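Okay, so here's the structure we're looking at.
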Amino acid sequence: MKAVWFTLVPMLAVAVLMLWGGERMARRTTEERVPADRGRLFDFTASFREELDRLDALYLQHLDELAAYAFRRSANQLSPHCENTVGIRKLLVFGPEGKRYEADGKKPAIGESSRIPQVLTESEAGRVSPKRAVVIPKEILEGNTPGKGWLAGPDSSHRVYWFRSSELYLVAFVIDQEELDRCLEAHCSTWMKVPFSPLSEAGELVSIQGPSGRPWLEAPPETQAGPAALVLPHRTNLGEWEVLAWDKLKIRSQHDPTVLASAACIAFVLSLAGIYLHAQQKRALRLAEERVSFVNRVSHELGTPLTNILLNLDLARRALEDRPAESRRRLSLVHEEVQRLGRLVSNVLTFSRGERRTLELRSIACTPDEVVEGILAQFQPSLDRRQVRVEWQRGASERTRLDPDALSQIVGNLINNVEKYASSGGWMGIETSMLGEQLHLRVSDRGPGIPADQSERVFEAFERVHRGVSEGASGTGLGLAIARDLARRMGGDLLLVSSDKGCRFELVLPATPALSVITQDNSSVA
Ligand code: ADP
(Lines give C-alpha, C1' and ligand atoms only; values in the text may rest on other atoms or scores of the structure.)
Protein backbone atom coordinates (compact mmCIF):
# COMPACT_ATOMS: atom_id res chain seq x y z
CA MET A 1 0.00 0.00 0.00
CA LYS A 2 2.94 2.26 0.72
CA ALA A 3 3.83 2.39 -2.98
CA VAL A 4 0.82 4.61 -3.73
CA TRP A 5 2.30 7.43 -1.59
CA PHE A 6 5.13 7.73 -4.11
CA THR A 7 2.76 9.65 -6.37
CA LEU A 8 0.99 11.81 -3.84
CA VAL A 9 3.98 12.90 -1.77
CA PRO A 10 6.14 14.18 -4.69
CA MET A 11 3.15 15.94 -6.26
CA LEU A 12 2.25 17.64 -3.00
CA ALA A 13 5.92 18.57 -2.58
CA VAL A 14 5.96 20.08 -6.08
CA ALA A 15 2.73 21.95 -5.25
CA VAL A 16 4.30 23.38 -2.09
CA LEU A 17 7.44 24.34 -4.06
CA MET A 18 5.24 25.95 -6.67
CA LEU A 19 3.46 27.97 -4.01
CA TRP A 20 6.73 28.99 -2.41
CA GLY A 21 8.35 29.91 -5.74
CA GLY A 22 5.23 31.78 -6.81
CA GLU A 23 5.23 33.78 -3.62
CA ARG A 24 8.90 34.70 -4.21
CA MET A 25 8.20 35.65 -7.83
CA ALA A 26 5.14 37.67 -6.91
CA ARG A 27 6.90 39.59 -4.15
CA ARG A 28 7.80 43.17 -5.07
CA THR A 29 9.92 45.05 -2.55
CA THR A 30 10.30 48.80 -2.75
CA GLU A 31 12.70 50.85 -0.70
CA GLU A 32 11.73 54.27 0.47
CA ARG A 33 14.14 56.67 2.15
CA VAL A 34 12.75 58.39 5.22
CA PRO A 35 14.70 61.64 5.70
CA ALA A 36 15.90 61.88 9.27
CA ASP A 37 15.63 64.94 11.49
CA ARG A 38 19.18 66.34 11.11
CA GLY A 39 18.97 68.72 14.10
CA ARG A 40 20.50 66.23 16.50
CA LEU A 41 23.22 65.36 13.99
CA PHE A 42 24.24 68.98 13.45
CA ASP A 43 24.34 69.60 17.20
CA PHE A 44 26.58 66.59 17.71
CA THR A 45 28.86 67.48 14.77
CA ALA A 46 29.26 71.04 16.04
CA SER A 47 30.38 69.86 19.47
CA PHE A 48 32.55 67.13 17.92
CA ARG A 49 34.30 69.72 15.75
CA GLU A 50 34.72 71.97 18.75
CA GLU A 51 36.32 69.15 20.72
CA LEU A 52 38.66 68.27 17.84
CA ASP A 53 39.67 71.92 17.46
CA ARG A 54 40.28 72.15 21.20
CA LEU A 55 42.50 69.06 21.13
CA ASP A 56 44.32 70.34 18.06
CA ALA A 57 45.03 73.71 19.69
CA LEU A 58 46.05 72.06 22.93
CA TYR A 59 48.46 69.69 21.22
CA LEU A 60 50.07 72.37 19.08
CA GLN A 61 50.34 74.66 22.05
CA HIS A 62 52.12 71.91 23.90
CA LEU A 63 54.52 71.30 21.01
CA ASP A 64 55.17 75.05 20.69
CA GLU A 65 55.90 75.34 24.41
CA LEU A 66 58.22 72.34 24.24
CA ALA A 67 59.94 73.83 21.19
CA ALA A 68 60.45 77.14 23.02
CA TYR A 69 61.70 75.26 26.04
CA ALA A 70 64.04 73.12 23.89
CA PHE A 71 66.11 76.19 22.98
CA ARG A 72 69.42 75.96 24.82
CA ARG A 73 68.51 72.78 26.70
CA SER A 74 70.46 69.56 26.46
CA ALA A 75 69.11 66.38 24.85
CA ASN A 76 69.05 64.69 28.27
CA GLN A 77 66.88 67.44 29.68
CA LEU A 78 64.45 67.23 26.79
CA SER A 79 64.00 63.45 26.60
CA PRO A 80 61.63 63.11 29.63
CA HIS A 81 59.39 65.84 28.16
CA CYS A 82 59.32 64.09 24.80
CA GLU A 83 58.54 60.73 26.39
CA ASN A 84 55.59 62.20 28.24
CA THR A 85 54.06 63.81 25.15
CA VAL A 86 51.83 61.66 22.97
CA GLY A 87 53.17 60.94 19.50
CA ILE A 88 56.67 62.49 19.78
CA ARG A 89 59.23 60.02 18.51
CA LYS A 90 62.10 62.48 18.16
CA LEU A 91 62.91 66.13 18.82
CA LEU A 92 65.69 67.80 16.81
CA VAL A 93 67.20 71.24 17.28
CA PHE A 94 68.86 72.90 14.26
CA GLY A 95 71.05 75.99 14.21
CA PRO A 96 71.86 78.07 11.11
CA GLU A 97 74.89 75.87 10.58
CA GLY A 98 72.90 72.57 10.78
CA LYS A 99 71.74 70.04 13.40
CA ARG A 100 72.67 70.89 16.96
CA TYR A 101 71.31 67.92 18.93
CA GLU A 102 68.38 65.53 19.09
CA ALA A 103 66.35 63.87 21.86
CA ASP A 104 64.30 60.64 21.68
CA GLY A 105 60.69 60.42 22.66
CA LYS A 106 58.86 57.39 23.96
CA LYS A 107 60.46 54.14 22.82
CA PRO A 108 58.63 52.74 19.80
CA ALA A 109 57.33 49.17 19.80
CA ILE A 110 59.59 46.41 18.41
CA GLY A 111 59.66 46.64 14.64
CA GLU A 112 58.36 50.20 14.54
CA SER A 113 61.72 51.92 15.12
CA SER A 114 62.81 51.19 11.54
CA ARG A 115 59.79 53.10 10.29
CA ILE A 116 60.69 56.34 12.08
CA PRO A 117 62.00 58.67 9.38
CA GLN A 118 65.23 60.62 9.69
CA VAL A 119 65.09 64.42 9.61
CA LEU A 120 67.83 65.96 7.45
CA THR A 121 68.80 69.36 6.15
CA GLU A 122 69.05 69.74 2.41
CA SER A 123 72.88 69.64 2.49
CA GLU A 124 72.78 66.41 4.63
CA ALA A 125 70.26 64.84 2.28
CA GLY A 126 72.60 65.42 -0.71
CA ARG A 127 75.37 63.48 1.08
CA VAL A 128 73.49 60.62 2.79
CA SER A 129 70.24 60.12 0.83
CA PRO A 130 68.66 57.51 3.17
CA LYS A 131 65.44 55.76 2.15
CA ARG A 132 63.14 57.09 4.86
CA ALA A 133 63.85 60.73 5.48
CA VAL A 134 62.11 64.08 5.80
CA VAL A 135 64.22 66.89 4.36
CA ILE A 136 63.88 70.37 5.86
CA PRO A 137 63.94 72.81 2.96
CA LYS A 138 66.65 75.44 2.96
CA GLU A 139 64.27 78.40 3.11
CA ILE A 140 62.70 77.02 6.35
CA LEU A 141 66.08 76.30 7.91
CA GLU A 142 67.66 79.63 6.93
CA GLY A 143 64.66 81.89 7.26
CA ASN A 144 65.00 84.51 9.92
CA THR A 145 61.39 85.14 10.86
CA PRO A 146 59.49 82.98 13.38
CA GLY A 147 57.21 80.36 11.97
CA LYS A 148 55.86 76.82 12.25
CA GLY A 149 54.33 74.18 10.06
CA TRP A 150 54.05 70.55 9.03
CA LEU A 151 56.14 68.46 6.63
CA ALA A 152 54.78 65.23 5.24
CA GLY A 153 56.60 61.97 6.09
CA PRO A 154 57.63 59.25 3.66
CA ASP A 155 54.26 57.62 4.40
CA SER A 156 51.14 58.47 6.37
CA SER A 157 52.49 56.93 9.59
CA HIS A 158 54.77 59.85 10.50
CA ARG A 159 54.91 63.62 9.96
CA VAL A 160 57.27 66.37 11.03
CA TYR A 161 56.22 69.52 12.88
CA TRP A 162 58.70 72.37 12.77
CA PHE A 163 58.87 75.47 14.93
CA ARG A 164 61.30 78.28 14.55
CA SER A 165 61.81 81.03 17.10
CA SER A 166 63.03 84.47 16.24
CA GLU A 167 66.52 83.55 17.56
CA LEU A 168 67.06 81.60 14.33
CA TYR A 169 66.92 78.19 15.92
CA LEU A 170 64.60 75.61 14.46
CA VAL A 171 63.02 72.74 16.39
CA ALA A 172 61.57 69.74 14.53
CA PHE A 173 59.34 67.03 16.02
CA VAL A 174 58.89 63.61 14.39
CA ILE A 175 55.26 62.80 15.21
CA ASP A 176 53.96 59.22 15.12
CA GLN A 177 50.65 59.90 13.48
CA GLU A 178 49.23 56.41 14.23
CA GLU A 179 49.89 56.74 17.95
CA LEU A 180 48.39 60.21 17.91
CA ASP A 181 45.28 58.88 16.13
CA ARG A 182 44.89 56.02 18.59
CA CYS A 183 45.16 58.40 21.51
CA LEU A 184 42.66 60.84 19.98
CA GLU A 185 40.24 57.98 19.27
CA ALA A 186 40.47 56.67 22.83
CA HIS A 187 39.81 60.15 24.18
CA CYS A 188 36.94 60.89 21.79
CA SER A 189 35.17 57.56 22.27
CA THR A 190 34.87 58.38 25.99
CA TRP A 191 34.05 62.01 25.30
CA MET A 192 31.29 61.34 22.76
CA LYS A 193 29.24 59.03 25.00
CA VAL A 194 27.15 61.93 26.24
CA PRO A 195 26.80 64.10 23.10
CA PHE A 196 26.14 61.07 20.88
CA SER A 197 23.45 59.55 23.11
CA PRO A 198 20.51 61.55 21.59
CA LEU A 199 21.47 60.17 18.17
CA SER A 200 21.77 56.57 19.28
CA GLU A 201 18.53 56.83 21.28
CA ALA A 202 16.73 58.10 18.16
CA GLY A 203 18.23 55.18 16.20
CA GLU A 204 19.91 57.50 13.70
CA LEU A 205 22.22 55.85 11.21
CA VAL A 206 25.54 57.62 11.78
CA SER A 207 29.19 56.64 11.55
CA ILE A 208 32.49 58.49 12.09
CA GLN A 209 35.51 57.98 9.89
CA GLY A 210 38.86 58.63 11.61
CA PRO A 211 42.01 60.21 10.04
CA SER A 212 43.76 56.88 9.47
CA GLY A 213 40.81 55.63 7.38
CA ARG A 214 39.67 53.44 10.27
CA PRO A 215 36.07 53.98 11.39
CA TRP A 216 35.85 55.42 14.88
CA LEU A 217 32.21 54.56 14.92
CA GLU A 218 31.12 51.63 12.76
CA ALA A 219 28.33 52.20 10.26
CA PRO A 220 25.14 50.43 11.40
CA PRO A 221 24.34 47.29 9.35
CA GLU A 222 21.16 48.84 7.85
CA THR A 223 23.33 51.41 6.01
CA GLN A 224 24.98 48.88 3.73
CA ALA A 225 22.31 49.48 1.16
CA GLY A 226 23.99 52.57 -0.24
CA PRO A 227 26.15 55.64 0.14
CA ALA A 228 25.69 58.11 2.97
CA ALA A 229 23.04 60.77 2.50
CA LEU A 230 25.11 63.40 4.32
CA VAL A 231 28.89 63.74 4.85
CA LEU A 232 30.15 66.36 7.31
CA PRO A 233 33.96 66.66 7.05
CA HIS A 234 36.26 68.33 9.53
CA ARG A 235 39.95 69.03 9.26
CA THR A 236 42.50 70.07 11.89
CA ASN A 237 46.28 69.96 12.06
CA LEU A 238 45.98 66.50 13.54
CA GLY A 239 43.97 64.91 10.74
CA GLU A 240 40.71 64.72 8.81
CA TRP A 241 37.38 63.35 10.05
CA GLU A 242 34.07 62.64 8.44
CA VAL A 243 30.71 62.30 10.13
CA LEU A 244 28.48 60.25 7.82
CA ALA A 245 24.72 59.99 8.11
CA TRP A 246 22.17 57.80 6.29
CA ASP A 247 18.46 58.09 5.86
CA LYS A 248 16.40 55.26 7.23
CA LEU A 249 15.08 52.82 4.64
CA LYS A 250 11.49 51.74 4.73
CA ILE A 251 11.10 48.46 2.87
CA ARG A 252 7.61 47.80 1.55
CA SER A 253 6.75 44.36 0.33
CA GLN A 254 3.78 43.77 -1.98
CA HIS A 255 2.61 40.79 -4.00
CA ASP A 256 1.61 40.77 -7.63
CA PRO A 257 -1.89 39.27 -7.39
CA THR A 258 -1.78 37.75 -10.90
CA VAL A 259 1.48 35.86 -10.33
CA LEU A 260 0.37 34.79 -6.84
CA ALA A 261 -3.04 33.62 -8.07
CA SER A 262 -1.45 31.71 -10.98
CA ALA A 263 1.00 29.96 -8.64
CA ALA A 264 -1.80 29.14 -6.20
CA CYS A 265 -3.94 27.80 -9.05
CA ILE A 266 -1.13 25.59 -10.40
CA ALA A 267 -0.35 24.36 -6.87
CA PHE A 268 -4.04 23.65 -6.30
CA VAL A 269 -4.39 21.78 -9.59
CA LEU A 270 -1.22 19.80 -8.85
CA SER A 271 -2.52 18.87 -5.39
CA LEU A 272 -5.88 17.85 -6.82
CA ALA A 273 -4.18 15.79 -9.54
CA GLY A 274 -1.98 14.18 -6.88
CA ILE A 275 -4.95 13.35 -4.68
CA TYR A 276 -6.91 12.03 -7.67
CA LEU A 277 -4.03 9.84 -8.86
CA HIS A 278 -3.46 8.65 -5.32
CA ALA A 279 -7.13 7.67 -4.96
CA GLN A 280 -7.05 5.93 -8.36
CA GLN A 281 -3.93 3.99 -7.49
CA LYS A 282 -5.35 3.02 -4.11
CA ARG A 283 -8.53 1.83 -5.77
CA ALA A 284 -6.64 -0.11 -8.42
CA LEU A 285 -4.49 -1.70 -5.75
CA ARG A 286 -7.53 -2.59 -3.64
CA LEU A 287 -9.30 -4.07 -6.66
CA ALA A 288 -6.23 -6.12 -7.53
CA GLU A 289 -6.08 -7.39 -3.94
CA GLU A 290 -9.79 -8.16 -3.98
CA ARG A 291 -9.56 -10.05 -7.24
CA VAL A 292 -6.77 -12.21 -5.87
CA SER A 293 -8.80 -12.87 -2.74
CA PHE A 294 -11.88 -13.50 -4.94
CA VAL A 295 -10.06 -16.20 -6.91
CA ASN A 296 -8.96 -17.79 -3.61
CA ARG A 297 -12.52 -17.72 -2.33
CA VAL A 298 -14.07 -19.13 -5.49
CA SER A 299 -11.55 -21.97 -5.43
CA HIS A 300 -12.39 -22.57 -1.78
CA GLU A 301 -16.14 -22.35 -2.47
CA LEU A 302 -15.83 -24.85 -5.31
CA GLY A 303 -13.65 -27.23 -3.31
CA THR A 304 -15.97 -27.66 -0.30
CA PRO A 305 -19.14 -28.77 -2.19
CA LEU A 306 -17.12 -31.04 -4.45
CA THR A 307 -15.63 -32.82 -1.42
CA ASN A 308 -19.09 -33.10 0.12
CA ILE A 309 -20.51 -34.46 -3.16
CA LEU A 310 -17.82 -37.12 -3.44
CA LEU A 311 -18.17 -38.14 0.20
CA ASN A 312 -21.96 -38.36 0.10
CA LEU A 313 -21.98 -40.21 -3.22
CA ASP A 314 -19.60 -42.76 -1.78
CA LEU A 315 -21.71 -43.20 1.37
CA ALA A 316 -24.90 -43.37 -0.70
CA ARG A 317 -23.37 -46.08 -2.91
CA ARG A 318 -22.40 -48.17 0.12
CA ALA A 319 -25.83 -47.82 1.75
CA LEU A 320 -27.71 -48.40 -1.49
CA GLU A 321 -28.64 -52.03 -0.82
CA ASP A 322 -28.81 -52.35 2.99
CA ARG A 323 -30.04 -48.90 4.00
CA PRO A 324 -31.98 -47.29 1.15
CA ALA A 325 -33.29 -44.47 3.42
CA GLU A 326 -29.72 -43.44 4.32
CA SER A 327 -28.80 -43.68 0.68
CA ARG A 328 -31.70 -41.31 -0.24
CA ARG A 329 -30.61 -38.86 2.48
CA ARG A 330 -27.08 -38.85 1.15
CA LEU A 331 -28.28 -38.31 -2.41
CA SER A 332 -30.43 -35.38 -1.34
CA LEU A 333 -27.33 -33.85 0.32
CA VAL A 334 -25.51 -34.33 -2.99
CA HIS A 335 -28.43 -32.60 -4.66
CA GLU A 336 -28.12 -29.67 -2.24
CA GLU A 337 -24.39 -29.36 -2.83
CA VAL A 338 -24.90 -29.42 -6.60
CA GLN A 339 -27.49 -26.65 -6.23
CA ARG A 340 -25.02 -24.69 -4.11
CA LEU A 341 -22.40 -25.13 -6.83
CA GLY A 342 -24.93 -24.04 -9.41
CA ARG A 343 -25.73 -20.87 -7.44
CA LEU A 344 -22.04 -20.09 -7.02
CA VAL A 345 -21.36 -20.54 -10.72
CA SER A 346 -24.41 -18.50 -11.62
CA ASN A 347 -23.29 -15.68 -9.24
CA VAL A 348 -19.81 -15.62 -10.77
CA LEU A 349 -21.27 -15.66 -14.28
CA THR A 350 -23.74 -12.87 -13.51
CA PHE A 351 -20.97 -10.77 -12.01
CA SER A 352 -18.66 -11.37 -14.92
CA ARG A 353 -21.46 -10.57 -17.45
CA GLY A 354 -22.22 -7.41 -15.51
CA GLU A 355 -18.54 -6.46 -15.64
CA ARG A 356 -18.37 -7.16 -19.37
CA ARG A 357 -21.70 -5.37 -19.90
CA THR A 358 -23.26 -8.43 -21.50
CA LEU A 359 -25.85 -9.15 -18.83
CA GLU A 360 -29.33 -9.28 -20.29
CA LEU A 361 -32.60 -9.67 -18.42
CA ARG A 362 -35.81 -11.03 -19.84
CA SER A 363 -39.28 -10.24 -18.73
CA ILE A 364 -41.76 -13.08 -18.77
CA ALA A 365 -45.08 -13.73 -17.10
CA CYS A 366 -44.66 -15.48 -13.76
CA THR A 367 -46.02 -15.57 -10.22
CA PRO A 368 -43.55 -14.10 -7.68
CA ASP A 369 -44.71 -16.37 -4.84
CA GLU A 370 -44.10 -19.43 -7.04
CA VAL A 371 -40.59 -18.24 -7.82
CA VAL A 372 -39.92 -17.74 -4.08
CA GLU A 373 -41.45 -21.12 -3.30
CA GLY A 374 -39.16 -22.82 -5.81
CA ILE A 375 -36.01 -21.30 -4.40
CA LEU A 376 -37.12 -21.80 -0.79
CA ALA A 377 -37.69 -25.48 -1.55
CA GLN A 378 -34.05 -25.78 -2.55
CA PHE A 379 -32.95 -24.46 0.85
CA GLN A 380 -35.60 -26.20 2.97
CA PRO A 381 -33.61 -29.38 3.77
CA SER A 382 -30.53 -27.39 4.74
CA LEU A 383 -32.62 -24.90 6.81
CA ASP A 384 -34.35 -27.80 8.54
CA ARG A 385 -31.05 -29.38 9.34
CA ARG A 386 -29.91 -26.12 10.90
CA GLN A 387 -33.24 -25.85 12.74
CA VAL A 388 -34.20 -22.59 11.13
CA ARG A 389 -37.95 -22.10 11.30
CA VAL A 390 -39.32 -20.42 8.21
CA GLU A 391 -42.31 -18.08 8.50
CA TRP A 392 -43.64 -16.88 5.16
CA GLN A 393 -46.49 -14.41 4.72
CA ARG A 394 -47.49 -14.88 1.12
CA GLY A 395 -49.04 -11.97 -0.69
CA ALA A 396 -47.80 -11.99 -4.30
CA SER A 397 -49.74 -14.69 -6.05
CA GLU A 398 -50.76 -12.57 -9.09
CA ARG A 399 -49.12 -13.16 -12.42
CA THR A 400 -46.77 -10.37 -13.29
CA ARG A 401 -44.06 -9.80 -15.83
CA LEU A 402 -40.51 -9.93 -14.53
CA ASP A 403 -37.35 -11.98 -14.87
CA PRO A 404 -37.94 -15.05 -12.68
CA ASP A 405 -34.28 -16.16 -12.88
CA ALA A 406 -33.08 -12.79 -11.62
CA LEU A 407 -35.72 -12.81 -8.85
CA SER A 408 -34.76 -16.33 -7.77
CA GLN A 409 -31.05 -15.38 -7.82
CA ILE A 410 -31.77 -12.37 -5.56
CA VAL A 411 -33.95 -14.35 -3.14
CA GLY A 412 -31.51 -17.28 -3.27
CA ASN A 413 -28.62 -15.03 -2.23
CA LEU A 414 -30.67 -13.54 0.64
CA ILE A 415 -31.77 -16.98 1.96
CA ASN A 416 -28.25 -18.33 1.45
CA ASN A 417 -26.95 -15.55 3.71
CA VAL A 418 -29.51 -16.37 6.41
CA GLU A 419 -28.43 -20.01 6.18
CA LYS A 420 -24.72 -19.06 6.38
CA TYR A 421 -24.71 -16.17 8.87
CA ALA A 422 -27.98 -16.16 10.81
CA SER A 423 -28.96 -19.76 11.42
CA SER A 424 -28.06 -19.22 15.10
CA GLY A 425 -31.24 -17.05 15.31
CA GLY A 426 -33.31 -20.15 14.42
CA TRP A 427 -35.82 -18.13 12.43
CA MET A 428 -36.28 -16.65 8.96
CA GLY A 429 -39.21 -14.51 7.96
CA ILE A 430 -40.30 -13.93 4.37
CA GLU A 431 -43.02 -11.48 3.38
CA THR A 432 -44.21 -10.97 -0.14
CA SER A 433 -46.83 -8.41 -1.14
CA MET A 434 -48.03 -6.44 -4.14
CA LEU A 435 -48.41 -2.73 -3.47
CA GLY A 436 -49.82 -1.02 -6.51
CA GLU A 437 -47.59 -2.05 -9.36
CA GLN A 438 -44.70 -3.02 -7.12
CA LEU A 439 -43.59 -6.32 -5.71
CA HIS A 440 -42.36 -5.98 -2.10
CA LEU A 441 -40.31 -8.81 -0.68
CA ARG A 442 -38.81 -8.84 2.78
CA VAL A 443 -36.33 -11.39 4.18
CA SER A 444 -35.63 -11.10 7.94
CA ASP A 445 -33.64 -13.11 10.43
CA ARG A 446 -32.63 -13.03 14.10
CA GLY A 447 -28.93 -13.61 13.57
CA PRO A 448 -25.99 -11.37 14.58
CA GLY A 449 -27.00 -8.64 12.10
CA ILE A 450 -24.69 -6.27 10.19
CA PRO A 451 -23.00 -3.33 11.98
CA ALA A 452 -24.58 0.02 10.97
CA ASP A 453 -21.29 1.36 9.60
CA GLN A 454 -21.10 -1.61 7.19
CA SER A 455 -24.70 -1.50 6.06
CA GLU A 456 -23.88 0.08 2.67
CA ARG A 457 -20.46 -1.45 2.21
CA VAL A 458 -21.80 -5.04 2.20
CA PHE A 459 -23.53 -4.21 -1.11
CA GLU A 460 -20.17 -3.55 -2.77
CA ALA A 461 -18.50 -6.38 -4.67
CA PHE A 462 -15.97 -8.38 -2.64
CA GLU A 463 -16.91 -6.61 0.58
CA ARG A 464 -17.47 -8.93 3.52
CA VAL A 465 -17.91 -8.26 7.21
CA HIS A 466 -15.53 -11.14 7.89
CA ARG A 467 -12.89 -10.92 5.20
CA GLY A 468 -10.54 -13.88 5.85
CA VAL A 469 -11.07 -17.15 4.00
CA SER A 470 -10.96 -19.07 7.26
CA GLU A 471 -12.82 -16.41 9.28
CA GLY A 472 -16.51 -17.09 9.82
CA ALA A 473 -18.67 -18.57 7.07
CA SER A 474 -17.24 -18.91 3.59
CA GLY A 475 -18.34 -16.67 0.74
CA THR A 476 -17.12 -14.60 -2.19
CA GLY A 477 -18.47 -11.20 -1.17
CA LEU A 478 -20.57 -11.08 -4.36
CA GLY A 479 -24.02 -12.21 -3.19
CA LEU A 480 -25.49 -8.88 -2.04
CA ALA A 481 -23.68 -6.88 -4.75
CA ILE A 482 -25.24 -9.05 -7.45
CA ALA A 483 -28.65 -9.03 -5.77
CA ARG A 484 -28.75 -5.21 -5.61
CA ASP A 485 -27.35 -4.88 -9.13
CA LEU A 486 -30.06 -7.20 -10.52
CA ALA A 487 -32.78 -5.35 -8.56
CA ARG A 488 -31.63 -2.00 -9.94
CA ARG A 489 -31.34 -3.32 -13.48
CA MET A 490 -34.95 -4.40 -13.13
CA GLY A 491 -35.91 -0.85 -12.09
CA GLY A 492 -36.20 -1.58 -8.36
CA ASP A 493 -33.85 -1.67 -5.40
CA LEU A 494 -32.58 -3.81 -2.55
CA LEU A 495 -32.04 -2.20 0.85
CA LEU A 496 -30.88 -3.27 4.28
CA VAL A 497 -33.39 -1.71 6.67
CA SER A 498 -32.88 -1.32 10.38
CA SER A 499 -34.37 -3.93 12.63
CA ASP A 500 -34.26 -4.66 16.37
CA LYS A 501 -32.44 -7.94 15.95
CA GLY A 502 -30.69 -9.55 13.02
CA CYS A 503 -31.02 -8.33 9.46
CA ARG A 504 -33.94 -7.23 7.35
CA PHE A 505 -33.52 -6.89 3.57
CA GLU A 506 -36.24 -5.26 1.53
CA LEU A 507 -36.58 -5.85 -2.18
CA VAL A 508 -38.84 -3.62 -4.27
CA LEU A 509 -39.40 -4.44 -7.96
CA PRO A 510 -41.73 -2.94 -10.54
CA ALA A 511 -44.28 -5.64 -11.27
CA THR A 512 -47.08 -4.80 -13.65
CA PRO A 513 -49.07 -7.10 -15.88
CA ALA A 514 -47.16 -5.56 -18.81
CA LEU A 515 -43.85 -5.13 -17.03
CA SER A 516 -41.06 -3.21 -18.75
CA VAL A 517 -37.63 -4.35 -17.70
CA ILE A 518 -34.63 -2.12 -18.18
CA THR A 519 -31.84 -4.08 -19.80
CA GLN A 520 -28.11 -3.39 -19.93
CA ASP A 521 -28.35 -1.16 -23.00
CA ASN A 522 -31.43 0.59 -21.55
CA SER A 523 -33.78 -0.82 -24.18
CA SER A 524 -37.12 -2.14 -22.99
CA VAL A 525 -37.87 -5.83 -23.12
CA ALA A 526 -41.55 -6.73 -23.04
P1 ADP B 1 -20.76 -13.53 0.93
O2 ADP B 1 -20.42 -14.28 -0.26
O3 ADP B 1 -19.60 -13.18 1.78
O4 ADP B 1 -21.89 -14.09 1.67
P5 ADP B 1 -22.56 -11.29 0.45
O6 ADP B 1 -22.42 -10.14 -0.49
O7 ADP B 1 -23.73 -12.17 0.28
O8 ADP B 1 -21.20 -12.09 0.37
O9 ADP B 1 -22.59 -10.72 1.91
C10 ADP B 1 -21.69 -9.72 2.30
C11 ADP B 1 -21.42 -9.81 3.78
O12 ADP B 1 -22.58 -9.34 4.48
C13 ADP B 1 -21.19 -11.20 4.29
O14 ADP B 1 -19.82 -11.51 4.23
C15 ADP B 1 -21.70 -11.16 5.70
O16 ADP B 1 -20.67 -10.80 6.56
C17 ADP B 1 -22.74 -10.05 5.68
N18 ADP B 1 -24.12 -10.59 5.69
C19 ADP B 1 -24.92 -10.76 4.62
N20 ADP B 1 -26.13 -11.23 5.01
C21 ADP B 1 -26.10 -11.36 6.36
C22 ADP B 1 -27.02 -11.78 7.35
N23 ADP B 1 -28.27 -12.20 7.03
N24 ADP B 1 -26.62 -11.77 8.64
C25 ADP B 1 -25.37 -11.36 8.99
N26 ADP B 1 -24.46 -10.96 8.09
C27 ADP B 1 -24.81 -10.95 6.79
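For ligands, and for the atoms within them, numbers begin at 1 and follow the listed sequence. For this chain, numbers begin at 1 and follow the sequence in order. Bear in mind that the values here come from a model prediction, so they are computed numbers and not experimental data.
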For Leu333, run the side-chain contact (heavy atoms from CB on, under 4.5 Å) check against Glu337, Arg329, His335 and tell me which one passes.
Arg329
Polar contacts were defined as any N/O atom of the residue lying under 3.5 Å from an N/O atom of the ligand; does this apply to Val418 and ligand 1?
no
Going by atom types only, do Thr45 and Arg49 share a side-chain donor-acceptor pair under 3.5 Å?
no
For Ser157 and Glu178, does a side-chain donor sit closer than 3.5 Å to a side-chain acceptor?
no
Should the proximity of Ile450 to ligand 1, defined as any heavy atom under 4.0 Å, be assigned to the side chain, the backbone, both, or neither?
side chain
Please identify which atoms of ligand 1 are closer than 4.0 Å to at least one heavy atom of Gly477.
1 (P), 2 (O), 3 (O), 6 (O), 8 (O)
Are Phe42 and Phe48 an aromatic pair, judged by ring center distance below 6.0 Å?
no
N/O of Pro448 under 3.5 Å from N/O of ligand 1, yes or no?
no
Which ligand 1 atoms, with their elements, are less than 4.0 angstrom from a heavy-atom of Glu463?
10 (C)
Give the atoms of ligand 1, by number and element, whose distance to some non-hydrogen atom of Gly449 is under 4.0 Å.
25 (C)
Can you find a non-hydrogen atom of Asp445 under 4.0 Å from ligand 1?
yes
SG (Cys188) and CD1 (Ile208) are apart, to the nearest 0.5 Å, by 8.0 Å
Could you tell me whether the side chains of Ser363 and Asp403 share a donor-acceptor contact shorter than 3.5 Å?
no
Under a 3.5 Å threshold, yes or no: a donor from one side chain and an acceptor from the other, between His234 and Glu242?
no
Which of the ligand 1 atoms, numbered from 1, are nearer than 4.0 Å to a heavy atom of Lys420
1 (P), 2 (O), 4 (O)
Does ligand 1 come near enough to Arg464 that some N or O of the ligand is less than 3.5 Å from an N or O of the residue?
yes
